Amino acid sequence: MSGLDSPRGLAFGPEGALYVAEAGAGAGVGVITTPATDPRCYLTNIGSRQCYGPTGAITRLWRDAQERIITGLPSTSFPKGPRGIGAADIGFNGRGDAFFSIGWENDPTARAGDPLLPDLPRFDSLARMTPNGAWHIATDLGQFEADNNPDHGQIDSDPFGVLVEPEATVVADAGANDLIRVARNGDVSLLATFPSRSSTPPRPSFAPPPNLQTSDAVPTCVVSGPDGAYYIGELTGIPFTDKRANIYRLDPAADAVPHVFTLDDAFLTGFKNIIDIAFADDGTLYVLQYATGALQMTGLGVLIKVVPDKSQVDIRLQYQLGSRSNVIADLHEPTSVAIGPDGNLYLSIRGTTAGGGEVIVVPR
């Protein structure tokens with residue numbers, strides 16, 4: 001696919017079509033000329049200026065035809081259109097029945113603070129697409145963070161990765177540093193929190209001064225592993241130190257829930273800026289890194305595969321002692337990886353560009 005606006009999560013539908021969530025281009029490219037006074041623009045809780053527009057979408061590739069099957073989704077971006085925030089990930093519960101997250105990257109209470117932007121409450125939510133192509137907000141996820149703030153840090157929410165199951169949808173909230181479960185009736189419950197600045201003790205950044213000495217988890221993705229447990233990847237927060245992003249494993253049938261993860265609980269370590277993960281049928285784990293530099297989001301992205309050592313009985317040892325290798329490097333702003341019915345790898349790239357986003361295929 002090409003011509004996408006900040007493409008994010010990928011998923012194959014039961015019919016074999018490929019879907020991508022487009023976070024959009026905010027008000028659009030070149031639309032905003034004076035962001036300081038334009039009523040479509042506002043300041044976030046970290047002081048950046050975002051501008052709103054209904055430019056998000058869900059796009060489908062089916063029988064070689066690319067089509068935006070849902071348009072008009074809420075989107076904010078930098079004033080000129082790049083780095084959209086909006087639809088972030090998508091998953092299916094049957095043909096035409098999909099759930100997708102709509103991000104926010106802000107204090108959820110700020111959604112109601114601008115009467116000139118009445119669509120802001122649609123952010124920070126879990127939405128549902130029905131077989132007839134319609135969509136609606138299913139659950140307000142930001143309200144759960146505002147009411148509970150499970151990680152006891154700054155109130156902030158950015159629902160990102162989703163895992164759709166028959167009875168519920170599991171969501172990795174990158175802003176709240178937690179993992180939540182959304183039942184079909186809309187009830188939200190906490191599954192886990194991850195080590196962050198607000199943890200006791202605070203999570204170290206492992207970066208040299210004068211960089212920030214603490215960091216957050218920023219969980220971006222959740223998938224079901226070959227053993228049925230949840231596997232969660234983290235981006236980490238500023239200053240984004242190399243080798244300090246982890247993958248965590250949560251088995252709801254055996255682990256205490258809600259679970260309070262520590263760094264010592266990490267299932268796999270040694271990554272940077274994990275933006276997505278995926279398991280192949282043979283157990284190979286694919287880890288997509290947004291960047292590769294020593295600090296900050298520098299260096300192009302890379303897709304890494306971890307081949308488990310199946311001579312080990314314990315699943316942790318299988319992957320910890322398994323082999324790691326690069327599948328493809330020099331990726332520009334990669335944001336998602338999915339394994340197709342054909343066994344090939346599909347990746348969203350140029351994931352913060354307005355109009356320049358793509359989905360590529362990498363033969364397995």
Side-chain angles (χ1 to χ4, degrees), residues 161 163 170 172 174 177-179 191-196 199 201 203-207 215-237 240-294 299 301-329 331 334 336-339 343 345 347 362 364:
L163 171 62
V170 180
N177 295 308
D178 63 25
L179 187 72
L191 292 176
T193 58
F194 301 92
S196 300
S199 302
R203 176 181 182 148
S205 70
F206 300 100
S215 187
D216 286 320
V218 193
T220 50
C221 49
V222 54
V223 301
S224 180
D227 57 346
Y230 298 140
Y231 290 80
I232 306 99
E234 62 178 7
L235 189 79
T236 70
F240 307 113
T241 310
D242 190 21
K243 308 298 183 186
R244 296 300 178 176
N246 303 324
I247 295 173
Y248 300 87
R249 176 183 180 272
L250 177 68
D251 184 354
D255 297 332
V257 174
H259 197 84
V260 180
F261 280 102
T262 68
L263 290 180
D264 291 338
D265 295 326
F267 177 79
L268 283 178
T269 62
F271 299 99
K272 176 187 172 75
N273 286 156
I274 299 173
I275 196 73
D276 203 5
I277 59 177
F279 281 99
D281 290 341
D282 64 0
T284 299
L285 172 62
Y286 292 91
V287 182
L288 185 61
Q289 291 189 178
Y290 184 85
T292 52
V302 63
L303 180 66
I304 299 168
K305 71 175 179 179
V306 183
V307 179
D309 178 359
K310 294 188 177 180
S311 68
Q312 305 293 327
V313 175
D314 180 75
I315 193 164
R316 290 180 179 271
L317 291 178
Q318 287 182 14
Y319 287 90
Q320 290 168 2
L321 299 178
S323 63
R324 298 187 188 187
S325 60
N326 290 352
V327 177
I328 182 172
L331 296 168
S336 186
V337 57
I339 301 173
L345 303 167
L347 286 81
V362 180
R364 185 171 172 192

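Bear in mind that the values here come from a model prediction, so they are computed numbers and not experimental data. Scope of the values below: all heavy atoms of this structure, side chains included, with no hydrogens, waters or symmetry mates.
Nearest heavy-atom pair, I274 versus T220, reported as atom, atom and distance to 0.1 Å: O-OG1, 2.7 Å. Nearest heavy atoms, Q312 versus Q318: O-NE2, 3.0 Å. Of all heavy-atom pairs between F261 and P195, the closest is O-CD, 3.5 Å. Of all heavy-atom pairs between L288 and V337, the closest is CD2-N, 4.0 Å. Counting all heavy atoms, side chain and backbone alike, A172 lies closest to C221 at CB-N, 4.0 Å. In plain terms, the two heavy atoms of V170 and L179 that are nearest each other are CG1-CD1, 3.6 Å.
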inquiry  = If you apply the rule ring pair (Phe, Tyr, Trp, His ring centres under 6.0 Å), what do you find for F279 with Y231, and how did you get there?
reply    = CA-CA 10 Å; F279 281 99; Y231 290 80; 5.0 Å; yes
task = List the steps, then state whether side-chain contact (heavy atoms from CB on, under 4.5 Å) holds for L303 with V362.
result = CA-CA 10 Å; L303 180 66; V362 180; 5.8 Å; no
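N177 contributes atom CG, which lies 8.5 Å from atom OG1 of T193 (distance to the nearest 0.5 angstrom). I328 CD1 to K305 NZ: the interatomic distance, rounded to the nearest 0.5 Å, is 13.0 Å. The structure places NZ of K310 at 9.5 Å from CD1 of I315, a figure rounded to the nearest 0.5 Å. The OH atom of Y290 sits 7.5 Å away from atom CD1 of I275, with the distance rounded to the nearest 0.5 Å. How far CG of N326 is from CG of L331: 9.5 Å, rounded to the nearest 0.5 Å. Here I304 contributes atom CD1 and L285 contributes atom CG; the two are 10.0 Å apart, rounded to the nearest 0.5 Å.
Applying the salt bridge (Lys or Arg N to Asp or Glu O under 4.0 Å) test to pairs two or more places apart or on separate chains, those with a residue in residues 273-289 are D282-R364. Contacts classified as side-chain hydrogen bond (donor to acceptor under 3.5 Å, both in side chains) and involving residues 256-270 (residues at least two apart or in different chains) are given here: T262-D265.
Side chain of S215 to main chain of R203: no donor-acceptor pair is present (N/O by atom type, distance under 3.5 Å, no hydrogens or angles). Looking at K272, its side chain does come within 3.5 Å of a backbone N or O of F240 through a donor-acceptor pair. In this structure, the side chain of T236 does not engage the main chain of A245 through any donor-acceptor pair within 3.5 Å.
For the pair E234 and V218, the minimum side-chain heavy-atom distance is 4.5 Å or more. V327 is listed as a side-chain neighbour of L345, based on a closest heavy-atom distance under 4.5 Å.
By the salt bridge (charged side-chain N to carboxylate O under 4.0 Å, His left out) test, D227 is found to be paired with R249, residues two or more places apart in sequence or in another chain being considered.
A side chain to side chain contact (heavy atoms under 4.5 Å, CB included) with I277 is found for exactly one of L268, V222, I247, namely I247. Under the ring pair (Phe, Tyr, Trp, His ring centres under 6.0 Å) rule, Y248 has a single partner from F271, F194, Y230, which is F194.
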